[in-house]
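Every heavy atom of this structure was used, including side-chain atoms; hydrogens, water molecules and symmetry mates were not. Below, chain A is the first sequence line, B the second, and so on; all start at residue 1. Predicted model only: the values in this text are computed from it and were never measured.
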Number of protein chains: 4
Amino acid sequence: MSASTLKYHEPTPSEDGQKRRGRPRSETSKKSILNAVNRLLLLSSVKDLSIEAIAKKAGVGKTTIYRWWPNKVAVILDALLSQFGSMQDLPTSSTTAQSVKNQLERFMRLLKGKNGKILIEIMAEAQSSEETLTLFYENFMLQHEEIMANLIEEGKEKGEFRKNLNTALAVDMIYGSIVYRLMSGAETLDEEFTENLPKEAINILKI
Amino acid sequence: MSASTLKYHEPTPSEDGQKRRGRPRSETSKKSILNAVNRLLLLSSVKDLSIEAIAKKAGVGKTTIYRWWPNKVAVILDALLSQFGSMQDLPTSSTTAQSVKNQLERFMRLLKGKNGKILIEIMAEAQSSEETLTLFYENFMLQHEEIMANLIEEGKEKGEFRKNLNTALAVDMIYGSIVYRLMSGAETLDEEFTENLPKEAINILKI
Amino acid sequence: MSASTLKYHEPTPSEDGQKRRGRPRSETSKKSILNAVNRLLLLSSVKDLSIEAIAKKAGVGKTTIYRWWPNKVAVILDALLSQFGSMQDLPTSSTTAQSVKNQLERFMRLLKGKNGKILIEIMAEAQSSEETLTLFYENFMLQHEEIMANLIEEGKEKGEFRKNLNTALAVDMIYGSIVYRLMSGAETLDEEFTENLPKEAINILKI
Amino acid sequence: MSASTLKYHEPTPSEDGQKRRGRPRSETSKKSILNAVNRLLLLSSVKDLSIEAIAKKAGVGKTTIYRWWPNKVAVILDALLSQFGSMQDLPTSSTTAQSVKNQLERFMRLLKGKNGKILIEIMAEAQSSEETLTLFYENFMLQHEEIMANLIEEGKEKGEFRKNLNTALAVDMIYGSIVYRLMSGAETLDEEFTENLPKEAINILKI
DNA sequence: CTTTAACCGAGACGGTACGTCGTGTCTTAAC
DNA sequence: GTTAAGACACGACGTACCGTCTCGGTTAAAG
């Protein structure tokens, strides 16, 4: 499974057999846009990052950006995901509890350093419209949630976890605590948090 | 304890004995500003709400707003808190678990309807700067967190809750799940969620 | 010779052979701006005329005005000159004295009615900075001064005018008297003045 | 005759015999206001000088300024005239021509250095309303004009000057040339001008 | 020797306009 | 048909002053 790109990038009539007419989409432009975003994010917040600045830094017309992404959130999310690389399935572990732990650690490793801050800023920015919110949610959070939900269900079936556990709620609590911590002013996820969360998560899941 | 106002409203030299010079702050203006914000929030999102629109609606100069609040988040947060009214201490219940439940239900009742959406939008807006973030956190979330943290500690001492529980983490998980749910696109906290969260919260705290 | 436009209107790289890139300047906007200024000047003074009002009346963004003119004086001067139309050379007359008279009458005709008042208000407004002052002087007064100075020199050579006459001073006196009269509160140049000035001007020039 | 103050400074019911009740006007404030204006004029233009800045520099409430002067032009004009000191009548000279010369030189001496620039800026600022214009004209220019007009009439009667001379026009030309020169960008009246103007003025007046 | 009235400083008030920035759209010529 | 360039209408920003107002306090003449 891959989380590395959004689905905007196929030129519009994507599904017909014959070749598209006219000048093809410039891959160079796409790369330099995502590249520019990533470089700019080192210097400024998501809020302060403007499409205009991206276009200028990337040496690209604003139109080119607007043609391929619907809004700022989409571009930045795309740039961020391009950094994360593809999300391989985790190798299955001995116990489900261990799998949960692995999964959580992998997720938090993604958000180490500036990335956590940036992701939270994107999530915040995404709140401004229904459209961007689902864009963000479905392209990023949802897949992590699904993996975790499946693991929990698996644990419940195997008798490792409490049967009376509300899976959806547990997922909200686990990912919610990470998001909430980052939103409360923590610059990054400190070591204490990254160590304790998986342990405590297991505690609340187990019988 | 009161959550009804921010600390911006004392004219600058607040604590000295002698009287302030010059024309005193207009309480009428203050009220009409907070009022305007509350009325405007019914029609538009926090993002789309402009200082200019508030000033116009309130029949007030923009300067008057900027004189008393440092930014949009502060005004809106203030207006919202003025709606919530003061936060009385909860009457102590039979068990700590019950107190936790009561406290959570009270919190979620505050966020019923549009208020939940608005609060999350403020929280999102507040992400744009360190300053607004602490403003939001310290004037709203922090006091709720503290109440809950105290209850959990109390429960641990009384032997009601697990001794090995990480209090801070538990608080993050509980409030995080609410915030995260609202941030994920839920227009409001549905009945299912508001019923299940307190139950599950007790489950993870108890032995 | 033409006095009908300032030199702001050539897009920046004016003199190179190759075509300019990007969307070209909108002539429609330019016209509607100058038009709006001229209509607004009928109702309000130069001082009370705001860039914002012009933009609104012209149905144009403020930025479009700021893009092409450096300040209010420049726009208004431009609008006024667009009214005056181009300045043809006068047909040479029998005597230089007659030419001087013709030139003066033409100048004063330009300033009949509201135009005199407006021009003086622009001149007044232009005093606020070195930049606007030279803008005004070089784009309007200077050419009139030069014509007059040339005529006076010609008259001196032909023996019509006093050899010991200080040409520059004479020009200052003649145009100065007009400007000064308008600045002293005269709404317009009255008939008495417009009749007498040319006569008296000839008197002080002649032997 | 005195040109050193405007007539604003008598407290409102000026002409009745008995003393006014209440706290009398503070002369200290008046002085520090005029003083502040003169100091500020060394640093900024008349246009950029704000009532607020004057009040601050003078350590005075804005209300105090507005109580005694109707507008900015009035305050600044007042401050400038307080610098000029009183205008004594000139001692009569041998010839009227000499008197004219003396009068002109005295006038131009007043405008040496920054004062010329400032006066012209006041005159420019005064153009914005009928009221300020007459204020400026009647409190400053008019008395100079009258002296000159009287001298010219005297010269005509004595047979020194041309009988067919239009006195009003001559006055406009003479003072107009000075004003116009200063308005055209000259920082000050240079030596050449101050030497030549009186000579040329006599030339155009004489037979 | 208290009242009364006008003054004073400070500074908040409702406004207006400023000049700038970013949005998303558009119109060119070049490829 | 896409691209870079860049002009466009629009809307909001935060600031500066305007002229007015409202306080507490002062300073005199009038009662």
Side-chain angles (χ1 to χ4, degrees), chain A residues 11-12 20-26 28-29 48-53 55-56 58-68 70-72, chain B residues 11-12 18-26 28-30 48-53 55-56 58-68 70-72, chain C residues 11-12 18-26 28-29 48-53 55-56 58-68 70-72, chain D residues 11-13 18-26 28-29 48-53 55-56 58-68 70-72:
Chain A
T12 2
R20 295 171 40 69
R21 298 210 311 162
R23 181 174 175 174
R25 168 161 197 203
S26 154
T28 325
S29 289
D48 293 345
L49 187 53
S50 69
I51 296 276
E52 230 148 45
K56 194 164 194 177
V60 140
K62 275 202 284 180
T63 348
T64 307
I65 299 180
Y66 281 114
R67 198 184 326 271
W68 300 107
N71 48 56
K72 197 169 78 173
Chain B
T12 3
Q18 68 234 55
K19 277 285 174 65
R20 288 184 34 75
R21 299 201 296 174
R23 181 175 177 173
R25 173 171 193 188
S26 157
T28 322
S29 289
K30 180 184 168 180
D48 292 344
L49 188 52
S50 69
I51 296 275
E52 224 147 53
K56 195 166 195 176
V60 138
K62 272 201 285 181
T63 5
T64 303
I65 300 180
Y66 283 114
R67 205 186 329 271
W68 300 108
N71 48 58
K72 198 169 75 172
Chain C
T12 2
Q18 69 233 60
K19 276 285 174 66
R20 286 183 37 72
R21 299 204 296 176
R23 183 175 176 174
R25 170 169 196 190
S26 156
T28 323
S29 290
D48 293 345
L49 189 52
S50 69
I51 296 276
E52 224 147 54
K56 194 167 197 176
V60 139
K62 273 202 282 181
T63 2
T64 304
I65 300 180
Y66 283 114
R67 201 184 337 266
W68 301 108
N71 48 58
K72 198 169 75 172
Chain D
T12 4
Q18 69 234 59
K19 273 282 177 71
R20 295 171 39 72
R21 299 212 313 164
R23 180 176 179 174
R25 171 171 194 190
S26 156
T28 323
S29 289
D48 293 346
L49 189 52
S50 70
I51 295 277
E52 229 147 48
K56 194 164 196 178
V60 139
K62 275 202 284 179
T63 348
T64 307
I65 299 179
Y66 280 114
R67 201 188 324 274
W68 301 107
N71 49 57
K72 196 169 78 172

Of the options [options], whose atoms approach the side-chain atoms of [X] most closely?
X       : options                : answer
A:Ser50 : E:dG9, E:dG22, F:dA12  : E:dG22
B:Arg25 : F:dC17, E:dT23, E:dC13 : E:dC13
C:Arg23 : F:dT3, F:dG6, F:dC13   : F:dG6
D:Pro24 : E:dG24, F:dT27, E:dT20 : F:dT27

side-chain N/O [X] vs [N] OP1/OP2, d < 4.0 Å:
X       : N      : value
B:Trp68 : E:dC13 : yes
C:Arg21 : E:dA30 : no
D:Thr64 : E:dG9  : yes
D:Ser29 : E:dC7  : no
A:Thr63 : E:dG24 : no

Return whichever of B:Ala58 or C:Leu49 has its heavy-atom-nearest nucleotide of DNA chain E closer to the 5' end.
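Of the two residues, B:Ala58 wins.
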To check you understand the geometry: which heavy-atom pair defines the closest contact between [X] and [Y], and what is its length?
X       : Y       : answer
A:Thr64 : A:Ser29 : CG2-CB, 4.4 Å
A:Gly61 : A:Ala55 : C-CB, 4.3 Å
D:Ile65 : D:Val60 : CG1-CG1, 4.1 Å

To the nearest angstrom, how far is [X] atom [atom1] from [N] atom [atom2]?
X       : N      : atom1 : atom2 : value
C:Ile65 : E:dT20 : CD1   : C1'   : 14 Å
C:Ile51 : F:dA9  : CD1   : P     : 14 Å
D:Tyr66 : E:dG9  : OH    : C1'   : 16 Å
C:Lys72 : E:dT16 : NZ    : C1'   : 12 Å
D:Arg67 : F:dT20 : CZ    : C1'   : 12 Å
B:Asp48 : E:dT23 : CG    : P     : 14 Å

Worked check of side-chain contact (heavy atoms from CB on, under 4.5 Å) between B:Trp68 and B:Lys30
CA-CA 9 Å; B:Trp68 300 108; B:Lys30 180 184 168 180; over 6 Å; no
Considering heavy-atom distances to DNA chain F, does D:Glu52 or A:Ala55 have its closest nucleotide positioned more toward the 5' end?
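Its nucleotide being nearer the 5' end, the pick is A:Ala55.
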For C:Lys72 and C:Leu49, indicate whether the former's side chain and the latter's backbone hold a donor-acceptor pair under 3.5 Å.
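Yes; judged by distance alone, with no hydrogens or angles, the pair exists.
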What about A:Lys62: does its side chain form a donor-acceptor pair under 3.5 Å with the base of E:dG24?
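Flag set: donor-acceptor pair detected.
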